[in-house]
Every structure is written in structure tokens, then in C-alpha cells.
Amino acid sequence: MADKTFIVKIKRQQRPDEAVRWEEYELRYRPHMNVIICLRDIAEKPFTRSGSESTPVSYEANCLEEICGACAMIVNGKPRQACTALVDDLEKPIRLEPLTKFPLIRDLQVDRSSMFENLKRTKCWIPIDGTYDLGPGPRMSPETQEVGYALSQCITCGNCLEICPKVNEHSNFVGAAIVSQVRLFNMHPTGAMHAGPRLEALMGPGGIEDCDNAQNCVKVCPKGIPLTESLAAVNGQVLVHAVKSFFRGS
Amino acid sequence: MRQPKIIIVGGGLAGLMAAIKVAEAGVTADLFSIVPVKRSHSVCAQGGINAAKNLKGEGDSTWKHFDDTIYGGDFLANQPLVKGMCEAAPAIIDLLDRMGVMFNRTPEGLLDFRRFGGTLYHRTAFAGATTGQQLLYALDEQVRRFEAEDKVKKFEGWTFLSAVLDHAGVCRGICAMDLKTMEIKTFACDAAIFCTGGIGAVFGRSTNSVVCTGSAQSALFQQGAYYANGEFIQVHPTAIPGEDKLRLMSESARGEGGRVWVPKTPQDPRPARQIPETERFYFLEEWYPKYGNLVPRDVATRAIHKVVYEMKLGLAGDPAVYLDVTHIPREVLERKLEGILEIYQKFVGVDPHVEPMKVFPAMHYTMGGLWVDNENQATNIPGVYAAGECEYQYHGANRLGANSLVSCIYGGGIAGTAAVRYARSLESGCENTSPAVYERERVRQQDISDALLNQHTGTENPLAIWREMGDVMTENVTVIRYNAAMQKTMAKLDELSERFKRINLQDRTQWSNQTLNFVRELGNMLILAQVITLGAIARNETRGAHYKPEFPDRDDRNWLKTTIASWDAGKIKLDYEAVDISLLPLRERKYTAAK
Amino acid sequence: MSVAATDSKTSYLLDKLQSLSGVIPIGAFLAEHFWSNSYALVSVGKYNDVSRELQQIPWRIFVETCVLFIPILFHGLYGIYIWWTGKSNAIGHPWMANWLYVLQRWTGIIAFVFIGWHLYTERFLGHGVTSYADVQRSLLNPWYLTFYIVGITCASFHLGNGLWNFACKWGIAVSVPAQRAAGWFGAAVAVAFTFIGVAIVLALHYGAFPMGSYVQ
Ligand SMILES: Cc1cc2nc3c(=O)[nH]c(=O)nc-3n(C[C@H](O)[C@H](O)[C@H](O)COP(=O)(O)OP(=O)(O)OC[C@H]3O[C@@H](n4cnc5c(N)ncnc54)[C@H](O)[C@@H]3O)c2cc1C
Ligand code: HEM
Ligand code: SF4
Ligand code: FES
């Protein structure tokens, strides 16, 4: 009995400055396969459908359970995590492309360090006095914790940036993920004491005003983070901060 | 005063905590990690972190936490540092709380605690179902803050290859490879702290992340670092088998009434639902009528292993058993198990409300690791420190649930502080080390890469070798260990090491060549596999996670000692060291009765 | 790269002004404009009275420049710039809000062209004096009529959807239910404005006075 097979098409580019090519692979179907398994199959037998020898595909992955954020790519046109992209649920042939809003490294691998850089720029941390024992942190109601916990699950995958019409070469919008993190730190009792500088960082070009409410981010977030709420909330915070600091001085 | 230089390799919980301590001491830290530190394996931890805060009026204490840890570890852990960890744990929770971890709260706004395996107390703080992620992010944010102040410099996307040791065998730097440009460079430092995490990949598939290969530990081992208690590997009884990864299925599924069974007929081709009750073998319930499906982790693990490998009753085609919750009313499932059943649905694409889940034990954690001393997390190589899952210090023969996160943070903190102290005490720092020392190491590493890249006649596929290694390790060196089978495993590992010499790289490019990196890791994994297997063969007793049917009892007279593997001119040598049991007297570890 | 990238506060201020100008004064003026033109549904006399009243306000050119011309020019031109900074992907990802994003831009530009032409024909060609008869004459042309209906629909849609955007972007509607409510409100405004605007031009076109009974 011949094995059931299916086709995977991959957009490949050996280096950022080299030509793009699409390669097709024919893989043996097994139940419960995901895109990562497809890529491993190819690594084990890097021969395209037409039989020519290629190289294993470069991609990022670590946790394989949708919690590290590494494996974001475009699967059948949609940005998502490859480790939860089950072959059974995908239309064939499966098309894999790298995220387009980040500098390409190789094949399906891109450089998302700008997101970490933006977390730095927006001061997304709680400034503690030191690691010595200063007793428990501030009290927090379970309700606040629930909202905060939802926000703090962002895995910096970048899908929300990939899908956003306002992230492109004409606009360096930081993206919903970063704005949502600012909301998280501004709602923490200690973080709230230092909300000003975070809001100022979001006032400039690439900041919150670049959001034009297409609301795509929330559709692709693998963690179901309420991004549109975060954007609206931070928009309000920035406005209040701007008005206050104009009239009262900051 | 000269400004010392510290390098930290690994940015999981342990590495980040070390970086924070180093930066806080006013010393700049260079932080190396394969993956962006925020994507480190620590994100995977779900359950929680232990600390005897005694916020539930149960009379819990750090001493009891200490006792549980030592008892759970079957008395193989050196006691003083474990005691230190348990005493420090409540303050660690407070620190994390101050850093903004969104821990679950009580109505009064205080931290909530849950009960975990191996204890009678509500001692485990948790943040939803993703505690590890939340803790890692909190430390990541603090490190980012130091990064913004130029106190930490990150080298993400670099892999550690080897330490730079001077003529006296003192660590003066590291040699690392940029995974994008494939450039190999040396970096000078006065002390290096290793926090490179677990070794799951040695077993092929495990509950660990992809980068948990133990490659760094193995490289250090081959440079003279001791590797301790390698044979102690924790296996989790219920994971969701996957071709790419074995994903954890929480114990709570059984806690809520889930039943474990296999069809009585080997290789029964019928779907689970069509197999009548009378033809199902509820082996846990039958073998352990008192505890049934809720036997402790290691007992369940061994039973499942036996059913599959010895009785050959695994599910048709899969080494797996059924974990069945289909008989539990849907409302109950939805209320109590929703999160974890969703994971199953997400990755298997099958609805566990309708179809029994297929689960199997999975390699989960290594208790063994780089040998470190009893107070400073210092390895036997001067200037090299280790913390986190990559060292052996805290968990003895078996780790208690939710104790790893706390040991990572505690150990990382100690290592950071100790490394700074050591670096400051040096009479002559790395700036006085001859450039030739660095160049020699760089060339040695470059030669290894070049040899792999230039080998055109190879026929062996790296992934195939890896899989074979993982299969044989999983079958013979995890749950149930027979000396004969492990001897065969050694022979297999020798064979694989031979075949490794004929490896075909398939990708000879010099740009983000992930195959080259993987092959280099694979070489190191093969050696670590031997360390683990040899240690297991030698230890003729049963202790904690190490179970030998031929030697079913703990043998304190002969084996209350730490295994110390060392690299002796290309051979693995085993020595032993006495365990420090100065604080708690030995007693038998029994799961059947209250302790 | 960006025209607004002078310093951080300026770009924020310009963005906020563009957003605000859509509501006040442009949106508010649109409401007023539909209100005063609704007299065409009542009677010629009433319509001409109200028109004359408006055409004879003090400081007229100054008010028109500040409240109308500059805001519309600013809102429109800056809006085109904002449009340029985005790269729509609604075809590949046809979610509703994503389509609204695209429609907001196209309806804006159509409204802009329409308003420009409307101002030119009705305000400047007539030197600021127009009567019921003048307007009716233009609207008898079916092409003009069509363009009016398209322009009015686009402007109304743009205002309604813009109000939803505004509610989200000024942090007025934060929660998902509040944003949904704002969306319904915007939709209601769009429908109401389209209805009223189209009713006005049709009444003018046919010379009908459906509310003529109000006049004794
Ligand atoms: C599924 C799962 C659930 C768990 N749940 C719990 C729990 O509930 N409670 C608990 O206490 N413990 C739990 N554990 C265990 C715990 O998560 C780990 O032991 C712990 O996170 C290890 O942290 P670490 O800092 O030592 O290493 P890691 O987080 O694994 O980090 C290792 C770091 O080293 C880097 N690195 C590795 N090799 C190199 C190299 N060669 N060069 C450069 N960098 C390198 C990596 O990039 C990474 O940054 C769980 C483990 C698993 C697998
Ligand atoms: C009838 C005239 C107009 C009215 C009533 C109007 C009204 C509005 C309103 C209320 C908004 C929402 C503001 C916000 O997003 O916060 C808006 C946004 C916008 N308008 Fe207009 N507008 C008009 C004309 C135009 C014109 C001529 C253009 C030019 C193309 C235009 C382009 C835009 C754009 C691009 C936005 C979106 C801005 C953003 O989302 O940040 N508008 N408009
Ligand atoms: S907000 Fe969601 S989509 Fe965006 S980076 Fe975070 S997890 Fe990914
Ligand atoms: S590999 Fe971590 S999210 Fe997919």
C-alpha cells in the first residue's frame, strides 16, 4: 500500500541578499503531524519533490507547546505558531513563508529583536529597589490579577505585528504587543508609579497614535490577549498624561 | 580597582537571576544564550514554585519544606544547601511578587498557594497555568532594565562551545559561535556562570524544549568539569506522545477521576470506544487496589512502562496507554480540567471528552548535572560556576514538583554573588591572560566546525543518529533499568559514535547553518548519554527515580554517595563522594503509608 | 522619513488633531449642514431663509476658513498621509474591522473629492450666494445627483465609522462590549446621516416637500 503523502511549499531564501525561491516537498502523512514535524522530515531527507538535493530549512522553534513564541511564521497565508499548526487542519498544499515585517535571516527564520528593543524603549519592567529581602509586594485584588495575568502571557511572537497594516516600511509602529505590555506595567501598583515615562515613550512616532484600529492583532494573537482593549486603554492613558503634563507640567 | 568581567551562559531562570545579582553588585555581565532569553525553556513550567510561606494556617515551615525535599530526593542531596534554599524560598517569592509576577491571589489580595505532589501543605505559589513563563518574564524584565543601563550585555543567538582555560586550568573566557554568521569567537572573562538547563534531547523526545541538549554541560565535562549523579532522570508518568515532543499532561486528570487502561488483547485494532469494559485492563486499579489511578508518579510510571515494554500491551502502533476521562460528566470536565484538556485537543486534534487520551511516561528532568561545591555553586574548574537544572545540587535522587524553579533562582543568585566575589579576589584577571590562550581555543573549535563542513563523503544523517540515540536511551535508561540492557545501550552508543564520524552535514553554508550547530550538539549529547548510562549501570540499588528490578532496595551502606563522572583522557571515569547528611537522619522512603 | 517625525510631541499632536478634526468641526459641521439643508424638505421659502441667514453671518469668510476649509484640508491631506503609512491587507484577511479600515480611507477620499467639487460649484462659482433654485438646478442633472448620493453616503459612512474609531482611539470605549456599543452607535449615525442626506437631495431633485405640511 502506498503511503499517503501531501505537499509542503516553502518560501526559501538562503541569505537576506539572495534570491527567493519556492521549494516543494512531498512528505509522508502520519496522524497528528504539525508543521514542525514537516520541517524535521525535510531536514532528514532534504530532497525536493522533483528530487533535487536541497538543505534543511532554517526556522526557529523551542518549546513546541506554544509558550516560547519562537516558531511564528506564515502558514497558508496566516501568521501563526508553527508548533500548533496541525497538518490535519491545514489546506494542502501547505504553504510556509517567513514573517515579512521583520528582517529575514534565512528561510523561515527572522530577526525579531526589535520587539525586545521596544520593550526596553518603553521601560516594560517594575523598577524594584533591589533583590534583598524587602518583604512582600503590594497587595492586589484577584480581579486585577486576572486582567494582569491575561496581559502577561504575551509570548513576543510578533504575529500581531505581522498582521497589522500599520507595521511596514512607512511606519515604525511598535505594535499591539508592546502597547499591551505598557498597559500591564502601568496597572501594577508599583509600575503605576512610573507610568509617565512609558506613556511618553508611546507618544512619539511609532507610538500609540500609529494604531488605526484595524483590529487585526486580536484575531491572530495565539494567547488571546485583549489587544484592542489594551490599545484603547493606553490611548486614553497617553491622552490624559499629555493633557496633564501640558497644563500642569510634568 | 579593576572592573571584573563575568560571563553568564544561559538565560533561563537561573541565568537571569545570576545576571541580576552580578549587575546589582556593580559588575557588567555578558549574557549568552542560544535563544532570546525570553524564549528559554523555563517558560514551559506550569505548576508552580514552592515556598513554605505558611499563609494558610497549616503550620508549614521551611524546615518541613526541607524535610520533604530531602525525603523526596531519597536522601541523596547534600543537606546544607537544600536547607538554605528552603529557608530562602519565602523571600524569593516576595522578590518575584515585587517584580510584578501576576501570582494568583486570595480575596484579601495575598498570594494564593496550592498543594502539589510530595507534601501535605499548600506550599506552591502559582500564576495561572504558566508559572514558569511568568517568573521567567519577571526576571527577563529586570535584566532588560539592567541592559538599558548598560550593566548587562546580551549575546542572544550565540551558542557556547567551550571554556577558555589557561595553562593552570583556570577559566579565562569562553569560546562561542554566532548562530547567524557561524563566526567562532572567544570572549574573555574572570568567571563564567553556566545556567544551560536540562538535557531532554539526550533522550530524543522529552517534555523539554528543543535547545535542552546538555551540549554545554558535556563540553565542560570534556574539559575537565565533573558531572554528578547523571543517572538520576525524572520521568513524568503522563505526557502526550508526539513525534516532535512529549507534552506534559497534568496529574490533575487522574486526580479528577481519570482512569488508565489498555486493551487486554495486544495490538487490538479497534478504536477505544468499541472495546467493551470486560476487555479493558485497568492495570493501575488492578495492581494497586488501594490507590488505584492515583499511585505516586514513579509507581505509575513504572507500571505503564511495564505494560508497554514487558507485557507488550501498548496501544496498537504506539507506545502509549489510555488516560480516560470520557466517563466523567462534561460539566465536571469543563469546570475542573478545561485548560489541560484544551492542550490535548490543540496538539492532538482529538477531543478528549469523547476519545480517551493516549499518554505515556516521558523524560522530564535531570537531577544530575555539573558537579558544584557545597556553598558557592562553583564547579571544580576555577572560575566556572553552574546553577539551575544543569547542576546537580538540590534534588538528590528525585525532584519534588515545583522545587526546580526555586532551586534555579536560589542557585542562580548564589552563583552570581560568588562569581563576583571570586572575580574581585583574583590577583591577575583575564586581561593578563596571553592572547595565545584564546587563539588556541578558537582554532581548536574552528577546526571542529571546518572538519564537519569539509567532510563530503559522509553518509549518516544527524537526525537519524539522534533519534536512534533517543530511542535506546528512553527504552533502557529511563524508568526501569536492567544492567544487561544498559550494557547493550553502551554498545549502541559506541556504534552511534562511530557512525557520527561519518556524518553528512547536508548544509555546508556559512550562514545560519542550523544543521552544523545541531551536529556539534549531537556529538556532545552522545558523550552525555554515556555518562548517564555508565552511572546507571554502576549504581546497583534502587533510589528515587533510579529503579533497578534486580536491586529493588535502597542500599545506603554501599550507595549513599554521589556519583562523580570525570573525563580522563577520552574515557569516562566514575568516582564517588560522600553525601552530607548532617541535618536529617536517614529514613526509609515509602509511598504506601504516610511518611 | 515621516513628515511628522520632527519631534515626538508634534507628531502626537498632529495625529490627535487629525482625529479630533474629523469629529469637531468637520463632523459637527456635517450635522449642521444636513440640519439646515433639511429645510429643503419643508419649503422653498424656509430653505432660502435659512440659507440666507447662514450666508449672512458675521465674519463669514473667517469662520468658514477656520471651521471648514482649514480643518477639511488638514484632515484630508493628513488623512492621505496616514493612509500612505498603512498597508492594507483586508483581501487576505477579510475581517470586518479590517474592511472598515479600508473603507474609512476610500470613503474619506471620495468625500474629500466630493466636498471639494461641492464647495467649488455651490460656494465659489456662486460667490457664496445660492438659493433653492440654484441647488435644484444642479441636482436635476442625473450625474450630479448620483455624485451627490455617493458623496453623501461616503461622508456619512466615514463619519459613523470615524466616531467608532474616535471612541476607541481616545480611550472612551475600552472594553470589548463598549467598543461594540460604540460601533453600533457609529453605524446608527452612518445610516441616519445617509438617510437624511439622500432624502434632501432626492427632495431637491424631485422638488418634493415631504415635510411641507409643517408650513401653515
Ligand atoms: C513541561 C515542564 C514543566 C515543568 N514544570 C515545573 C514546575 O511546575 N515547577 C518547577 O519547579 N519546575 C518545573 N519544571 C522544571 C523547570 O522548568 C526547569 O528545571 C527550569 O526551568 C530550568 O531552568 P534553567 O534556568 O536551569 O534552564 P532553562 O530555562 O532551560 O534555560 C537554559 C538557557 O541556557 C541556554 N543555553 C543552553 N545551552 C546553551 C549553549 N550551548 N550556549 C548558550 N546558551 C545555551 C538556553 O538558551 C536558555 O537560555 C518543568 C519542566 C518541564 C519540562
Ligand atoms: C465629510 C468629511 C469628513 C468627515 C466628517 C470626517 C470624519 C472623520 C472622523 C470622525 C474620523 C475619526 C477620527 C479618528 O480616527 O479618531 C476620521 C478619520 C479619518 N479620516 Fe476623515 N472625515 C472627513 C473627510 C476626510 C477626508 C476628505 C479624508 C481624506 C482622505 C479623510 C481621511 C480620514 C482618515 C484616513 C481617517 C482615519 C484616521 C485614523 O484612523 O487615525 N477624512 N474622519
Ligand atoms: S500580543 Fe499576542 S500576537 Fe502579539 S506578540 Fe504577544 S502573543 Fe504574539
Ligand atoms: S516552538 Fe515555542 S511557540 Fe512554537
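These numbers come from the heavy atoms of this one structure, side chains and all, not from hydrogens, waters or symmetry mates. Chain A is the first sequence line, chain B the second, and so forth, proteins listed ahead of strands; every chain is numbered from 1. Just so you know, these numbers come straight off a predicted model, no measurement behind them.
With sequence neighbours excluded, the residues that form a side chain to side chain contact (heavy atoms under 4.5 Å, CB included) with A:Glu26 are A:Thr5, A:Ile7, A:Arg49. The ring pair (Phe, Tyr, Trp, His ring centres under 6.0 Å) test applied to B:Phe126 returns no partner, not counting sequence neighbours. Listed by chain and residue number, B:Gln46, B:Ile240, B:Phe347 satisfy the side chain to side chain contact (heavy atoms under 4.5 Å, CB included) test with B:Ile343 (two or more places apart in sequence, or in another chain).
Here A:Ile126 contributes atom CD1 and B:Gln142 contributes atom CD; the two are 8.0 Å apart, rounded to the nearest 0.5 Å. Note that OG1 of A:Thr131 and CG of B:Asp94 are 13.0 Å apart. Values are rounded to the nearest 0.5 Å. Rounding to the nearest 0.5 Å places CD of B:Gln510 at 11.5 Å from CD of A:Gln14. In this structure, OG1 on B:Thr207 lies 11.5 Å from CG on A:Leu64, to the nearest 0.5 angstrom. Rounding to the nearest 0.5 Å gives a distance of 6.5 Å between CD1 of A:Ile128 and CZ of B:Arg145. Once rounded to the nearest 0.5 Å, the distance linking CE of A:Met140 with CG of B:Leu111 reads 9.5 Å.
Closest non-hydrogen pair, A:Arg40 versus B:Asp244, comes out as NH1-O, 3.4 Å. Considering every non-hydrogen atom in both A:Gly148 and B:Met102, the closest pair reads C-CG, 3.7 Å. Considering every non-hydrogen atom in both A:Cys154 and B:Tyr137, the closest pair reads O-CE2, 3.1 Å. Scanning both residues, B:Leu463 and A:Ala43, for their nearest heavy atoms gives CD1-CB, 3.5 Å. When all heavy atoms are compared, the tightest approach of A:Asp129 to B:Arg98 is N-NH2, 4.1 Å. B:Asp507 and A:Pro56 make their closest contact through CB-CD, 3.9 Å (heavy atoms, listed as atom of the first residue, atom of the second, distance).
Heavy-atom contacts from other residues, nucleotides or ligands closer than 6.0 Å to NZ of A:Lys78 number more than 12. Under a cut-off of 6.0 angstrom, the local environment of NZ in A:Lys92 is crowded, with over 12 non-hydrogen atoms contributed by other residues, nucleotides or ligands. Heavy-atom contacts from other residues, nucleotides or ligands closer than 6.0 Å to CD of A:Glu91 number 12 or fewer.
Heavy atoms of A:Pro189 lying under 4.5 Å from chain B are absent altogether. Residue B:Asp112 does not touch chain A at all, counting heavy-atom pairs closer than 4.5 Å. Looking at A:Leu86, the atoms closer than 4.5 Å to chain B (heavy atoms on both sides) all sit in the side chain, from C-beta outward. At a 4.5 Å heavy-atom cutoff, the contact between B:Val350 and chain A is made by side-chain atoms alone. Interface remark: B:Thr130 contributes backbone and side-chain atoms alike to the contact with chain A (heavy atom separation under 4.5 Å). The contact between B:Glu243 and chain A is made by backbone and side chain atoms together, counting heavy-atom distances below 4.5 Å. Using a 4.5 Å cut-off between heavy atoms, A:Glu146 does not touch chain B at all. With a 4.5 angstrom heavy-atom cutoff, B:Ser40 touches chain A only via backbone atoms. If you measure heavy-atom distances from B:Val348 to chain A, the contacts under 4.5 Å come from both the backbone and the side chain. With a 4.5 Å cut-off on non-hydrogen atoms, B:Lys21 touches chain A through its side chain but not through its backbone. For chain A, no part of B:Phe518 is nearby; none of its heavy atoms comes within less than 4.5 Å. The parts of A:Cys63 that come within reach of chain B are both its backbone and its side chain, each placing non-hydrogen atoms under 4.5 angstrom from that chain.
Ion pairing of A:Glu44 with B:Arg467 is present here, as a side-chain N (NZ or NE/NH1/NH2) and a carboxylate O approach within less than 4.0 Å.
Shown are B:Lys245, B:Lys346, B:Arg247; of these, the salt bridge (charged side-chain N to carboxylate O under 4.0 Å, His left out) with A:Glu65 is made only by B:Lys245.
Side-chain atoms of A:Thr55 and B:Gln506, non-hydrogen and from C-beta on, never get closer than 4.5 Å to each other. B:Val35 has its side chain out of reach of A:Glu60: every pair of non-hydrogen atoms, C-beta onward, lies at least 4.5 Å apart.
Within residues 113-121 of chain A, the residues that have a heavy atom under 4.5 Å from a heavy atom of chain B are A:Phe116, A:Leu119, A:Lys120, listed by number.
Between the B:Glu141 side chain and the A:Cys124 main chain, no donor and acceptor come within less than 3.5 Å of each other. Judged purely by atom type and a 3.5 angstrom limit, A:Asn62 uses its side chain to pair as donor or acceptor with the backbone of B:Arg39. B:Gln134 contributes a side-chain N or O that, together with a main-chain N or O of A:Ser152, makes up a donor-acceptor pair within less than 3.5 Å.
Interface summary for chain B: among A:His32, A:Gln145, A:Arg30, the most heavy-atom pairs under 4.5 angstrom belong to A:Gln145. Looking only at heavy-atom pairs under 4.5 Å with chain A, the residue among B:Asn513, B:Ile20, B:Asn104 that has the most is B:Asn104. Heavy-atom pairs under 4.5 Å with chain A peak, among B:Gly349, B:Ala91, B:Cys44, at B:Cys44. Heavy-atom pairs under 4.5 Å with chain B peak, among A:Pro46, A:Gly135, A:Gly191, at A:Gly135. Ranked by heavy-atom pairs under 4.5 Å with chain B, the first of A:Gly130, A:Ser141, A:Pro138 is A:Gly130. Counting heavy-atom pairs under 4.5 Å between each of B:Leu110, B:Thr515, B:Ile92 and chain A puts B:Leu110 at the top. Contacts with chain A were tallied for B:Ala127, B:Gly242, B:Ala138; B:Ala127 has the most, counting heavy-atom pairs under 4.5 Å. Contact count against chain A (heavy-atom pairs under 4.5 Å) is highest for B:Glu147 among B:Arg508, B:Glu156, B:Glu147, B:His41. The residue among A:Lys123, A:Gln153, A:Glu143 with the most heavy atom pairs within less than 4.5 Å of chain B is A:Gln153.
Judged by the 6.0 Å and 45° rule, A:Arg15 forms a cation-pi pair with B:Trp511.
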Stepwise side-chain contact (heavy atoms from CB on, under 4.5 Å) test for A:Thr144 and B:Arg105: CA-CA 9 Å; A:Thr144 312; B:Arg105 303 277 162 168; over 6 Å; no

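In this model, a donor atom of one side chain and an acceptor atom of the other lie less than 3.5 Å apart for B:Ser512 and A:Gln109.
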